[in-house]
Amino acid sequence: MNNEEENHLIAERRTKLAALRQQGVAFPNDFRRDALAADLLATYAERDAAWLEANPVRVRVGGRMMFKRVMGKASFAKIADRSGAIQLFLQEDALGAAYEAFKDYDVGDILGAAGPLFRTRTGELSVRVTGLELLVKSLRPLPDKWHGLADTETRYRQRYVDLVMNESSRAVFRTRTQIVRYLRDALDALDFLEVETPMMHPIPGGAAARPFVTHHNALDARMYLRIAPELYLKRLIVGGFERVYEINRNFRNEGLSTQHNPEFTMLELYWAYSDYRELMELIERLLHGLADSLLGTRLVNYQGRAYDLSRPFRRVTVAELVLEHNPDLDRSRLRDVPYLRAACERLGVPVKSGDGAGKLQIEIFEKTAEHTLLDPTFVCAYPAEVSPLSRANDSDPFLTDRFEFFIGGRELANGFSELNDSEDQAARFRAQVARHEAGDDEAMHYDADYIRALEYGMPPTAGLGLGVDRLVMFLTDSPSIRDVLLFPQMRPEA
RNA sequence: GGGUCGGUAGCUCAGUCGGUAGAGCAGCGCCCUUUUAAGGCGUUGGUCGUGGGUUCGAGCCCCACCCGACCCA
């Protein structure tokens, strides 16, 4: 693997490149295309061989040669551009010396070709090449044209090779862009303002997670890569923007898995004069719109299971799900700490000494219920203990006006009516600091400026965080988050 | 962190009981003017992930480590 420089395949190509340098400009940049493969295939789809003969269409196409088939004095090749691929037909009679040169070209080389369109005997639209130019000599051999690139490690580490070889991979990333564009268009249409807030925070906040730490030399200050933009976006609500959103990266210093990458993309939106119920309706509308516009159906297949998004999304509370999946538990004792602690121990869930009933309920929920939430489900009424930024419920302050949204057993979104009582927020921060000092390094810090902002008054507001990567996974039937990240985090190569 | 599986030619993969490292594709040479994984003949190419160990002999057995995938915490 590490002596590729000595590989004879590469060595042969280097020799060819050296010869090209001797002949002149080896990397020309004066070839210009006037057509893309897929456009030609679509435009002339209905034109038969006779029509093309009678109405010559001269084109200039360029791209990477994906196969090459020499048959004596005539050859076929196929070049791929960003739109697709088109076949070239090359003849010694028409090309002369250029034909001899072509026989030395390798699959993977980047070519420019010119000539009229025609149809082969089997009816494939092709370019009868009258002019041919090698634009870039490729030094490294591509994977097997039939089996493609299957090795997952190479697909992730050398995504450029994956993209060259696998149309399915290209399709995932095109779809990802369409999803993000759909979300932007939908929110823009609702008069939300897209903003950018800091990625480097003096105080990490807005989520329960371990941050990446860095250092600013000029300020001699410790900085944290953001774990969430939440507290900055809500400052903008205080400032009067009323409807804001940001789609960008968050960074969390945690393990890697099929659902976790250290940097991941989150949509966060804040919506003044709204509440968590309207957020749930918004999520349903967004998913319907995405399915309709991207897939053309609300019946989504994900990893072999059908998800019917047209059915109403289930809404259920944390407590109901805990009881549903732990029928032995006593409904009347769901806030009894020793009782819940014993239940956690029976389930093999680790508990910390400071955990209250709310935290213990969530531990039980995550252990027994979360993974069963396949069809779209809003889980509501999260305990205040685990929701330090959420508005307390008016009739039951043990709970908050908060939900999480699950699909396929995975958390896709988290939304709540925002806590805009500055004194309550200050008390919640103090409780978090106490947890942090007790050893919970995911607990939040006290953000005095955020409290100051709330003291100016934040209108009643609803806020949502939606995991874009997981949404893309669901809509592209991808089993791993690495399949929807162009360059997923990997251990450095040895 | 624990478990399972994997790493052999550029790619995709075989490799039996521990006994001379293989195939297809690609490459190289020759033939071939409408191919569709083109075809025919010939042929090059290996630090078997890395380092130890056992053995007369290790791709294969043992130990440690590296990288990856999946599951669990």
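Chain identifiers are assigned alphabetically (A, B, ...) following the order of the sequence lines, protein sequences preceding nucleic acid strands; residue numbering begins at 1 within each chain. These numbers were taken from a predicted model, which means no experiment stands behind them.
- Between A:S75 and A:Y105, the residue anchored closer to the 5' end of RNA chain B is A:Y105, taking for each the nucleotide with the nearest heavy atom.
- B:U4 and B:G46 are spaced 35 Å apart, taking the P atom of each and rounding to whole Å.
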List, one per line, each side-chain donor-acceptor pair under 3.5 Å for residues 16-28 of chain A, sequence neighbours excluded.
| residue | atom | partner | partner atom | Å |
| --- | --- | --- | --- | --- |
| A:K16 | NZ | A:D104 | O | 2.9 |
| A:K16 | NZ | A:D106 | OD1 | 3.1 |
| A:K16 | NZ | A:D106 | OD2 | 3.0 |

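- For the pair A:F67 CZ and B:U35 P, the interatomic distance rounds to 11 Å; values are reported in whole Å.
- For the P atoms, the distance linking B:A9 with B:G51 amounts to 16 Å, nearest Å.
- Contact between the side-chain N/O atoms of A:K145 and the OP1/OP2 oxygens of B:A26 is found at a separation under 4.0 Å.
- Residues satisfying the ring pair (Phe, Tyr, Trp, His ring centres under 6.0 Å) test with A:F365, not counting sequence neighbours, are A:F406.
- For A:D144, taking side-chain heavy atoms from C-beta onward, the closest of the listed nucleotides B:G27, B:C11, B:U34 is B:C11.
- For the residue pair A:R482 and A:N261, no side-chain donor N or O sits within less than 3.5 Å of a side-chain acceptor on the partner.
- The side chain to side chain donor-acceptor pair (under 3.5 Å) check on A:H147 picks up A:D144, with sequence neighbours excluded.
- Using N1 to N3 plus N6-O4 or O6-N4 for Watson-Crick, or N1-O2 and O6-N3 for G-U wobble, each under 3.5 Å, B:U55 pairs with nothing.
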task = Give the B/S/- string for nucleotides 68-73 of chain B, one per nucleotide from 5' to 3', where a protein heavy atom under 4.0 Å of the base yields B, of only the sugar-phosphate yields S, and otherwise -.
result = SSSS-S
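- At the heavy-atom level, A:E12 lies under 4.0 Å from the strands shown only through sugar-phosphate atoms.
- Looking at heavy-atom distances under 4.0 Å, A:Q87 makes contact with a base.
- A donor-acceptor contact under 3.5 Å is not formed by the side chain of A:E92 with the base of B:U33.
- Look at B:G6: its Watson-Crick or wobble partner, with both distances under 3.5 angstrom, is B:C67.
- Summarising the geometry, the separation between CG on A:D48 and C1' on B:U34 is reported as 17 Å, rounded to the nearest angstrom.
- Contact check, A:K68 against B:G27: no side-chain N or O comes under 4.0 Å of OP1 or OP2.
- Rounded to whole Å, the P atom of B:U44 lies 32 Å from the corresponding atom of B:G6.
- Nucleotides B:C70 and B:C28 place their C1' atoms 41 Å apart, quoted to the nearest Å.
- In this structure, A:F102 places its CZ atom 12 Å from C1' of B:U35, rounding to the nearest Å.
- Residue side chain A:D151 does not reach the base of B:U12 through any donor-acceptor N/O pair under 3.5 Å, judged by distance alone.
- Look at the C1' atom in both B:G40 and B:C60: the space between them is 38 Å, to the nearest Å.
- Residue A:F76 has its side chain nearest to B:U35 when only B:C32, B:U35, B:C28 are considered.
- Between the C1' atom of B:A26 and the CD1 atom of A:I10 lies a distance of 13 Å, rounded to the nearest Å.
- In this structure, A:F251 and A:F212 have perpendicular ring planes: the angle between them is above 60°, well past the 30° mark.
- Across all strands shown, the partner of B:G24 is B:C11, judged by Watson-Crick or G-U wobble contacts whose two distances both fall under 3.5 Å.
- Here B:G27 presents its P atom at 17 Å from CH2 of A:W146, a figure rounded to the nearest Å.
- Within the structure, the salt bridge (charged side-chain N to carboxylate O under 4.0 Å, His left out) test picks out no pair touching residues 81-92 of chain A (sequence neighbours left out).
- In a base pair of the Watson-Crick type (N1 to N3 plus N6-O4 or O6-N4) or a G-U wobble (N1-O2 and O6-N3), with each distance short of 3.5 Å, B:U33 is matched with no nucleotide.
- The separation between A:L52 atom CG and B:U34 atom C1' is 15 Å, rounded to whole Å.
- Contact annotation for A:V107: no contact, since no heavy-atom pair falls under 4.0 Å across all strands.
- Between A:Y307 and A:Y302, the two ring planes are perpendicular [angle over 60°; tilted spans 30° to 60°].
- For A:G72 and A:A150, each mapped to the nucleotide of RNA chain B holding its nearest heavy atom, the one lying further toward the 5' end belongs to A:A150.
- Protein atom NE2 of A:H147 is 12 Å distant from nucleotide atom C1' of B:A14, rounded to whole Å.
- Between the P atoms of B:G2 and B:G39, the separation comes to 50 Å (whole Å).
- Across the C1' atoms, B:A58 and B:C17 are found 14 Å apart, a figure rounded to whole Å.
- Side-chain atoms of A:N250 and A:E263 include no donor-acceptor pair closer than 3.5 Å.
- Across all strands, A:F118 comes closer than 4.0 Å to base atoms (heavy-atom distances).
- With C1' as the reference atom, B:C5 and B:A37 are 30 Å apart, rounded to whole Å.
- Among B:G45, B:G10, B:U33, the nucleotide with an atom closest to any side-chain atom of A:A74 is B:U33.
- A:Q91 contributes no side-chain N or O that, together with a main-chain N or O of A:A74, makes up a donor-acceptor pair within less than 3.5 Å.
- When the side chain to side chain donor-acceptor pair (under 3.5 Å) test is applied to A:E153, the partners found at least two apart in sequence or on another chain are A:R157.
- The interatomic distance linking A:L90 (CG) with B:U35 (P) rounds to 15 Å, in whole Å.
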